[in-house]
Amino acid sequence: MTTEQALALGAIIFVAMIAIIVFTVIYDLKKNKAKYDKEAKEYAEKKFAEEAEVTTMHAEILDMVCGTGMVGSYLLPKSEKTFLIIFKTDGGESLELRVPEEYYLELKVGQKGMLTIVEGNLDSFELEEG
């Protein structure tokens, strides 16, 4: 057997294996479609039913920091703004949270209120009256 014949035989076997794998996957998907759809629906319902971790506490704005930085590759760099607010809880714990620009512009250092965090992200900061 020559090298060309061996390469041709190898290519034929490789293509046949790929065809068998594709056929098997398609056959399995058609045969078990109802089962897979049911599992996907159950998974989605389970995820939807899970409660998000919500934490509410009294806090004061300790510091506010903004900055810019370059992100992306050197071929396609992009400037990105970052806005951070550092809160201090009544228990003395400091929390550094990234916030949208609108929140950053509306708040001031020293303001106090009820801080609500959902899954580690700022949900709301309701200022105290007075």
Side-chain angles (χ1 to χ4, degrees):
M1 182 182 289
T2 67
T3 305
E4 290 82 21
Q5 290 173 334
L7 286 174
L9 181 61
I12 291 170
I13 292 172
F14 179 75
V15 169
M17 287 174 42
I18 296 296
I20 290 170
I21 291 170
V22 169
F23 173 77
T24 305
V25 168
I26 291 172
Y27 177 76
D28 180 58
L29 287 173
K30 285 185 176 182
K31 181 179 177 187
N32 296 313
K33 183 179 184 334
K35 176 181 144 188
Y36 294 144
D37 287 345
K38 180 182 174 191
E39 288 176 358
K41 183 179 178 185
E42 288 172 357
Y43 177 78
E45 288 173 354
K46 178 183 170 191
K47 281 296 195 184
F48 186 73
E50 288 180 2
E51 291 291 323
E53 181 182 335
V54 179
T55 308
T56 302
M57 66 200 81
H58 187 265
E60 176 183 356
I61 297 176
L62 194 62
D63 197 8
M64 298 172 71
V65 181
C66 67
T68 59
M70 299 301 282
V71 295
S73 69
Y74 69 94
L75 294 174
L76 296 169
K78 178 181 166 188
S79 178
E80 182 179 88
K81 298 178 192 177
T82 304
F83 301 94
L84 298 173
I85 298 180
I86 302 170
F87 294 94
K88 182 178 179 185
T89 66
D90 287 345
E93 180 184 2
S94 290
L95 302 168
E96 186 175 296
L97 299 173
R98 194 174 218 176
V99 298
E101 185 174 3
E102 300 79 41
Y103 274 59
Y104 184 85
L105 295 174
E106 292 177 7
L107 299 172
K108 296 177 187 169
V109 173
Q111 290 180 316
K112 296 179 182 180
M114 290 304 292
L115 174 66
T116 303
I117 301 171
V118 177
E119 294 293 326
N121 297 311
L122 177 68
D123 181 61
S124 67
F125 184 64
E126 298 176 22
L127 296 174
E128 290 180 343
E129 297 290 324

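Linking Ile, Leu, Val, Met, Phe, Trp and Tyr residues whenever their side-chain heavy atoms come within less than 4.5 Å places L115 and Y104 in a single cluster. V109 and L95 fall within a single hydrophobic cluster, where Ile, Leu, Val, Met, Phe, Trp and Tyr side chains are chained together by heavy-atom contacts under 4.5 Å. I86 and I61 are assigned to two separate hydrophobic clusters, defined by single-linkage of ILVMFWY side chains at heavy-atom distances under 4.5 Å. Both M17 and L9 are part of a single hydrophobic cluster, where members link through side-chain heavy atoms under 4.5 Å apart. Y103 and M114 are members of different hydrophobic clusters when ILVMFWY side chains are connected at heavy-atom separations under 4.5 Å.
In this structure, the separation between CD1 on I13 and CD1 on I18 is 13.0 Å, given to the nearest 0.5 Å. Atom OG1 of T89 sits about 10.5 Å away from atom CD of E60, to the nearest 0.5 Å.
For the pair E39 and Y43, the minimum side-chain heavy-atom distance is 4.5 Å or more. Using a 4.5 Å heavy-atom threshold, the side chains of F125 and L107 count as touching. Annotation: side chain of L97 is not in contact with side chain of N121 (no heavy-atom distance under 4.5 Å).
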Would you give me the side-chain donor-acceptor pairs under 3.5 Å for residues 63-85, sequence neighbours excluded?
| unit_1 | atom_1 | unit_2 | atom_2 | d |
| --- | --- | --- | --- | --- |
| S73 | OG | L75 | N | 3.3 |
| S73 | OG | L76 | N | 3.2 |
| T82 | OG1 | R98 | NH2 | 3.1 |

Original post:
After noting the C-alpha distance and the side-chain angles of E128 and H58, does the key distance pass the side-chain contact (heavy atoms from CB on, under 4.5 Å) rule?
Top reply: CA-CA 10 Å; E128 290 180 343; H58 187 265; 2.2 Å; yes

**OP:** Please assess M57 against I117 for the test side-chain contact (heavy atoms from CB on, under 4.5 Å), listing each intermediate value before the final yes or no.
**Re:** CA-CA 9 Å; M57 66 200 81; I117 301 171; 4.1 Å; yes

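The existence of a salt bridge linking D37 and K41 is excluded, since no basic side-chain nitrogen approaches an acidic carboxylate oxygen closer than 4.0 Å.
For residues 103-127, there are no salt bridge (Lys or Arg N to Asp or Glu O under 4.0 Å) pairs, not counting sequence neighbours.
No hydrogens or angles considered: a donor-acceptor pair under 3.5 Å links the side chains of D28 and Y36.
The environment of E45 atom CD is dense: over 12 non-hydrogen atoms of other residues, nucleotides or ligands sit within 6.0 angstrom.
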